[in-house]
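A quick write-up on the structure given underneath.
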Protein chains: 2
Amino acid sequence: MATIDDVAKTAGVSASTVSYVLSGKRPISGPTRARVERAIEKLGYRPHAGARALASARTNVIALMAPLRVGVNVPVIMQFVTGVVTRARDFEHDVLLLTQDDVSGLDRVTGGSMVDALVMMDIEADDPRVPLVAAAKQPAVLVGLPEDPEGLSCVDLDFEAAGRLAVRHLAATGHTDVALIGSPPEVLRRHTSYAERLMRGLRSQAQASDVTVRVEACDSSPSGASQAVDTLLATAPDTTGIIVHNEGALPHVLSRLAERGIAVGTDMAVVAVCPKDVALAQRIPMTSIDLPAEDIGRVAVDMVMTRLDGDQPSETRLLAPVLTERESSTPGPAADG
Amino acid sequence: MATIDDVAKTAGVSASTVSYVLSGKRPISGPTRARVERAIEKLGYRPHAGARALASARTNVIALMAPLRVGVNVPVIMQFVTGVVTRARDFEHDVLLLTQDDVSGLDRVTGGSMVDALVMMDIEADDPRVPLVAAAKQPAVLVGLPEDPEGLSCVDLDFEAAGRLAVRHLAATGHTDVALIGSPPEVLRRHTSYAERLMRGLRSQAQASDVTVRVEACDSSPSGASQAVDTLLATAPDTTGIIVHNEGALPHVLSRLAERGIAVGTDMAVVAVCPKDVALAQRIPMTSIDLPAEDIGRVAVDMVMTRLDGDQPSETRLLAPVLTERESSTPGPAADG
DNA sequence: CGGGATCGTCGAAGCGATTCAACACGCTAG
DNA sequence: CTAGCGTGTTGAATCGCTTCGACGATCCCG
């Protein structure tokens, strides 16, 4: 491989000049720049990433911790990841992927200066990674909300507001008995923050809107979904509105309702909290609160990049939920006639 | 951050000794090793990845190109990725994720010595990345089969054998009119190798077993799947066995069959080509040919690691397909009575 | 008891970039 | 006419590690 010295030699300049042409940190005259660029082209020169990292203390790589835990919805994760990877490229950064949720990987990439910054997904209320990453020299952004952010920046959909919004929507369309079909029990057991925040919003708005809300955990299998539906209808037969916050279970919930002869949209209003494409890929276009996974990934990168040099204060960004009415929810019983 | 010199100083040895303790490339006496290790521990020393890469020409990172193209099944991709990431850790390597299928990323990580090796997924028959990666100084393994591998190593499920196996199974259980519900049209248009190989196997065995086989492309949406089923049953009403090679469409195909009152397993035998967990997550446990995505990812890493120093010759590894009978396929009409 | 092998450690030379201080040059202003 | 300035370029130091050759000490065997 050609080195910067080779380029310098064939362009008839010094290595530092080549470096400045590349980085633009000092003015270089037009002719010189042109000669250098020609030399680079000719030799097919690519700066050595390691050498660069050593000299400049910048790797142009960010770490993305995306633990693949049981119960997480893989396609949604991948939407995040896509957002992160593509946005990172806008900042000339590549992405190092860590899928294990152990803490050693964090230590390695952080301590070894393998990355300039970190984005961590699937944050739990009391996440063991948080103190470690707070102590790291690299800036970090958490996707989700830990109990104690320790001065770290966070970003996520405002699930609490989403919960309120969903209930408000159902209440406004005349429903008084609503239910949540939510995350798998494993997710709840881990105290993954989004699940709890949604419920909090749900409950507070239920009280405010004088609506009862029943909660069912639900794993993503067909049988799990059927069971959740059956239990719900057995214990709360007056339910006329369901909020589904479980991408994997959603199609099965709809199937089960269909099997039981319950027409979604007329007999039963259903609001999904999920990415738009999931909402549209069901048998009926779903009224949904969009989970803008790719956006969130993008924002996470924006935030972490801002903090690369300037010591921006930490900040928490909760994206406002947007509810889009589609065919799965229509005015409920109280609004009838 | 502490440097190797700091460690050397506090341990009372030279930096090279510390390095040898870490790498084990020269014998170090017990007491010395112990002193060094204590110093490392005490200072929380982590070798600087960039410096290491510069000096040793090893980054301990491999690149994973996983283009997220339309029509690919994301959960399956993630199974590959998981296999790659976890196996890479066994070799002390981390994974740099490239999701864009452009060629510039390849160039960057390759030319800039950011990685020691490459794993490339979703290979097309005439993939533009292949010549580039063949010219790179890093070893590479392709997941899939290009038309001309140019001396590169490849790994994949033996889809041609899978096609034969599926037909043989159906033929053996008495079916004479079978059909494939296959990949989305985009995938076929790209000449993604697995789709074509499966069809080749299907056709050759159909001829050998004196069975007719009809082929339907099928996108992964509910409507696409329904349409594929409807078209199939309209144009080939005698069909009694279906092979589904499309993870996304599979549940919808089954739903549609159910809607039309066709009982899977008795009226219609269905064989799926998909990961085992997908086969088991359907309304009926599916007879399936396992797509061992995670295994393939692991094997890809094994192969590429073998080629890191030794100049092992290139090799193509096609994993033998395994068919597991479950409830979705039972003896067909000719075997009845 | 001497000579060669073996073992453990060290010093120094890179690896390939970045960046700072310094310098040469041509201008303008005084 | 010169001091002073800005512009464009350079040389050298530096980043933190690996690795090669060398060297003293210890060991074994004849």
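Below, chain A is the first sequence line, B the second, and so on; all start at residue 1. All of these numbers come straight from a predicted model, not from anything done at the bench.
Base contact: B:S19 has a heavy atom under 4.0 Å from a base atom. At the heavy-atom level, A:S29 lies under 4.0 Å from the strands shown only through sugar-phosphate atoms. Among the heavy atoms of the strands, none lies under 4.0 Å from B:V18.
Rounded to an integer number of Å, the gap from CZ of B:R26 to P of D:dT19 is 10 Å. Taking atom NZ of A:K9 as the reference point, atom C1' of C:dA17 lies 15 Å away to the nearest angstrom. Between the P atom of C:dT18 and the CG atom of A:L22 lies a distance of 7 Å, rounded to the nearest Å. Atom P of nucleotide C:dT6 and atom CD1 of B:I28 are separated by 18 Å, given to the nearest angstrom. Between the CG atom of B:D5 and the C1' atom of C:dC10 there is a distance of 13 Å, given to the nearest Å.
One finds no side-chain N or O of A:K25 lying less than 4.0 angstrom from the OP1 or OP2 phosphate oxygen of C:dT18. Between B:S16 and C:dT9, a side-chain N or O to OP1/OP2 separation shorter than 4.0 Å is absent. The phosphate of D:dG16 (OP1 or OP2) has no side-chain N or O of B:T3 nearer than 4.0 angstrom.
Counting non-hydrogen atoms of neighbouring residues, nucleotides and ligands closer than 6.0 angstrom, the CG atom of A:D126 reaches no more than 12 such neighbours.
Atoms OG1 and CG, from B:T306 and B:L308 in turn, are 8.5 Å apart once rounded to the nearest 0.5 Å. A distance of 8.5 Å separates CD1 in B:I62 from CG in B:L118, rounded to the nearest 0.5 Å.
For the 3.5 Å distance criterion, the side chains of A:S19 and A:S16 fail to qualify, holding no donor opposite an acceptor. Side chains of A:R197 and A:S193: a donor-acceptor N/O pair is present below 3.5 angstrom, by distance only.
Salt bridge annotation for B:R108-A:D94: present, with a cationic side-chain nitrogen under 4.0 angstrom from a carboxylate oxygen. A salt bridge links A:R69 with A:E124: the distance from a Lys NZ or Arg NE/NH1/NH2 to an Asp or Glu carboxylate oxygen falls below 4.0 Å. A salt bridge links A:R307 with A:E315: at least one charged nitrogen is closer than 4.0 Å to a carboxylate oxygen. Using a cutoff of 4.0 Å between basic side-chain nitrogens and carboxylate oxygens, B:R298 and B:D295 are scored as salt-bridged.
Rotation axes derived from the C1' atoms of the five outermost pairs at either end of the helix from C:dC1-D:dG30 to C:dG30-D:dC1 lie 40° apart, to the nearest 10°.
Residues from residues 43-57 of chain B placing a heavy atom under 4.0 Å of any atom in DNA chain C, listed by number, are B:L54, B:A55.
Listed nucleotides: C:dT18, D:dC17, C:dT9. Nearest to the side chain of A:I4: C:dT18. Nearest to the side-chain atoms of A:Y20 among the listed nucleotides D:dG8, C:dT9, C:dT19 stands C:dT19.
Toward the 5′ end of DNA chain C lies the nearest nucleotide of B:G30, the other residue of the pair B:G30 and A:S23 mapping further downstream.
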